[in-house]
Amino acid sequence: MWWRSPSFILDNRQQQPNDTARRDALSIPLSSPLPPSTTMADPNPNPNHKISAYYQTRAAHHGVVSSDWLAQAQAAVGHLPEGDDDASNNDQGAPSGKPFSVIDEFNNWRKQPDLAEAVAAIRALAAVIRNSQATTMMELEIELKKASDSLKSWDTTSISLTAGCDLFMRYVTRTSALEYEDFNSAKTRLIERAEKFGEISYKARKIIAMLSQDFIFDGCTILVHGFSRVVLEVLKTAAQSKKLFRVFCTEGRPDRTGLRLSNELAKLDVPVKLLIDSAVAYSMDEVDMVFVGADGVVESGGIINMMGTYQIALVAHSMNKPVYVAAESYKFARLYPLDQKDMGPALRPIEFGVPIPSKVEVETSARDYTPPQYLTLLFTDLGVLTPSVVSDELIQLYL
């Protein structure tokens with residue numbers, strides 16, 4: 001079910017053609033040229049196998065709420081204005097004389113708090129094309145496949161990382177038009193298209209924010225869970241549009257990402273109330289809608305997200321409150337979980353503040369699965385979708 005397409009927004013506000021870009025907004029502007037490589041470095045395994053690398057990154061970026069970190073995050077956002085990545089490109093890449101490594105490139109990009117992990121992977125794969133010494137399309141495809149596998153094996157628990165790599169590989173390796181060009185022309189075209197799609201991909205949050213504004217009305221109360229950069233963009237756009245609303249933020253234990261979101265909203269002068277996670281049902285009668293992000297959107301139309309999303313959706317559904325999901329299309333994954341145990345475990349450290357006896361088992365899973373029947377709409381850069389439409393969009397993305 002389509003409510004409004006991103007092409008409507010872009011055609012009327014920016015006058016940009018969007019016929020093919022809607023499906024291919026899955027890449028990112030390439031980094032500046034790096035030293036030629038002779039070999040690709042082996043992937044660096046996650047040093048702490050008991051903790052998901054994805055949540056180590058989240059903890060580093062969002063877990064500690066301090067004025068220094070917030071200032072750093074604000075500087076990073078200000079350093080990357082919409083549609084202009086040149087400043088960040090200049091300081092990315094391997095040091096001079098060092099063989100190119102896709103893992104090193106990926107790690108450099110993902111240090112930016114405002115950059116999604118999947119986008120960092122896409123930038124790293126784009127750099128592989130630019131640094132490749134291949135002389136045929138087959139060699140380049142093999143090199144890209146090895147780089148993609150290295151990134152996916154770096155953290156097998158990250159859904160968006162795997163989906164982003166798969167979609168990038170799907171686009172690069174299944175372009176029949178390149179078969180009719182010489183290799184240099186084909187490689188140049190790949191780079192040009194990557195830059196074009198990257199620009200649109202970088203604007204995905206803006207598109208989602210614009211599409212969601214019709215659903216936020218004056219006087220409403222919105223419940224959010226944890227910290228989502230897309231949800232923050234939605235609320236920021238609403239605040240800049242002078243809409244009057246208030247937000248309930250869950251604390252988001254154990255990494256307390258909700259604390260950071262509440263701080264960001266307070267900067268925007270949005271009335272915000274911080275809730276402990278167990279107070280969701282107690283406060284739900286005051287809520288008009290729920291907005292959450294997603295680590296991944298699966299084939300059924302359900303989502304995999306931060307632990308606690310499922311129970312919030314259950315409470316909201318029982319009280320007839322709409323649950324909206326904001327997620328970029330590069331998080332669409334070819335997964336079909338049937339229950340909570342169908343997903344690979346993504347673990348994170350949990351501190352209770354007191355010693356825990358060794359005989360006590362602690363649940364350290366970091367995410368849960370919310371079935372589609374508890375979700376109302378998904379706001380994506382492909383449009384506003386009902387959960388039942390997600391499978392159709394996945395088919396078109398991966399064809």
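The first residue in the sequence is number 1, and the count goes up from there. Note that the structure is a prediction, hence the values are computed from the model and not measured.
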**Request:** Please answer whether the main-chain N or O of L244 pairs with a side-chain N or O of D218 as donor and acceptor at a distance below 3.5 Å.
**Result:** yes
**Test side chain to side chain donor-acceptor pair (under 3.5 Å) applied to E299 and S391, step by step** = CA-CA 5 Å; E299 293 183 55; S391 59; over 6 Å; no
**Message:** Using only atom types and a distance under 3.5 Å, with no angle test, would you say the side chain of S132 pairs donor to acceptor with the backbone of A134?
**Reply:** yes
**Request:** Taking atom types as modelled, find out whether Q213 and T237 have a side-chain donor-acceptor pair closer than 3.5 angstrom.
**Result:** no
**Message:** Working note: L223 + L275, criterion side-chain contact (heavy atoms from CB on, under 4.5 Å); need CA distance, chi angles, decisive distance, verdict.
**Reply:** CA-CA 10 Å; L223 174 66; L275 306 176; 4.1 Å; yes
**Request:** Indicate yes or no for a side-chain donor-acceptor contact from K331 to the backbone of A163 under 3.5 Å, with no hydrogens or angles considered.
**Result:** no
**Prompt:** Could you state the interatomic distance from CZ (R260) to SG (C249), rounded to the nearest 0.5 Å?
**Reply:** 12.0 Å
**Request:** Determine, using ring centers only, whether Y330 and F168 are less than 6.0 Å apart.
**Result:** no
**Message:** For L268, is there any backbone N or O sitting under 3.5 Å from a side-chain donor or acceptor partner on K236?
**Reply:** no
**Stepwise side-chain contact (heavy atoms from CB on, under 4.5 Å) check, L265 with L232** = CA-CA 8 Å; L265 293 173; L232 176 59; 4.2 Å; yes
**Asked** Is any side-chain heavy atom of I303 closer than 4.5 Å to a side-chain heavy atom of T309?
**Response** yes
**Item:** Test item: P371 and Y310 side chains (from C-beta on) under 4.5 Å apart, heavy atoms
**Value:** yes
**Prompt:** Short question: side chain of H225, backbone of F291 - any donor-acceptor pair under 3.5 Å?
**Reply:** no
**Request:** State plainly whether the residues E233 and K206 are in salt-bridge range, i.e. N to O under 4.0 Å.
**Result:** yes
**Request:** Verify, without hydrogens or angle tests, whether S228 (side chain) and V292 (backbone) share a donor-acceptor contact under 3.5 angstrom.
**Result:** no
**Message:** Determine whether F227 and M306 satisfy the following criterion, side-chain contact (heavy atoms from CB on, under 4.5 Å), listing intermediate values before the conclusion.
**Reply:** CA-CA 9 Å; F227 182 87; M306 178 180 177; over 6 Å; no
**Asked** Do E139 and T135 meet the criterion of a side-chain donor-acceptor pair at a distance under 3.5 Å?
**Response** yes
**Prompt:** In Å, rounded to the nearest 0.5 Å, how long is the span from CD1 of I312 to CE of M284?
**Reply:** 6.5 Å
**Asked** Taking only residues at least two apart or on different chains, which pairs with a member in residues 271-293 satisfy salt bridge (Lys or Arg N to Asp or Glu O under 4.0 Å)?
**Response** R246-E286
**Request:** Give a yes or no on whether a salt bridge exists between K152 and D166, defined as a side-chain N under 4.0 angstrom from a carboxylate O.
**Result:** yes
**Prompt:** What is the minimum heavy-atom distance between I208 and A326, and which atoms define it?
**Reply:** CG2-CB, 4.0 Å
**Prompt:** Any side-chain donor-acceptor pair under 3.5 Å between Y369 and S300?
**Reply:** yes
**Asked** Around atom CE of M319, are there more than 12 heavy atoms of other residues, nucleotides or ligands at under 6.0 Å?
**Response** yes
**Message:** When you measure from the side chain of S283 to the backbone of V280, do you find a donor-acceptor pair of N or O atoms at a distance under 3.5 Å?
**Reply:** no
**Message:** For V234 and I216: C-alpha separation, side-chain torsions, deciding distance, then whether side-chain contact (heavy atoms from CB on, under 4.5 Å) applies.
**Reply:** CA-CA 9 Å; V234 168; I216 300 177; 3.7 Å; yes
**D339 side-chain N/O to D342 backbone N/O, donor-acceptor pair under 3.5 Å** = yes
**Spatial distance of atom CG (L125) from atom CG (L167) [nearest 0.5 Å]** = 11.5 Å
**Between F245 and F217, ring centroids under 6.0 Å** = no
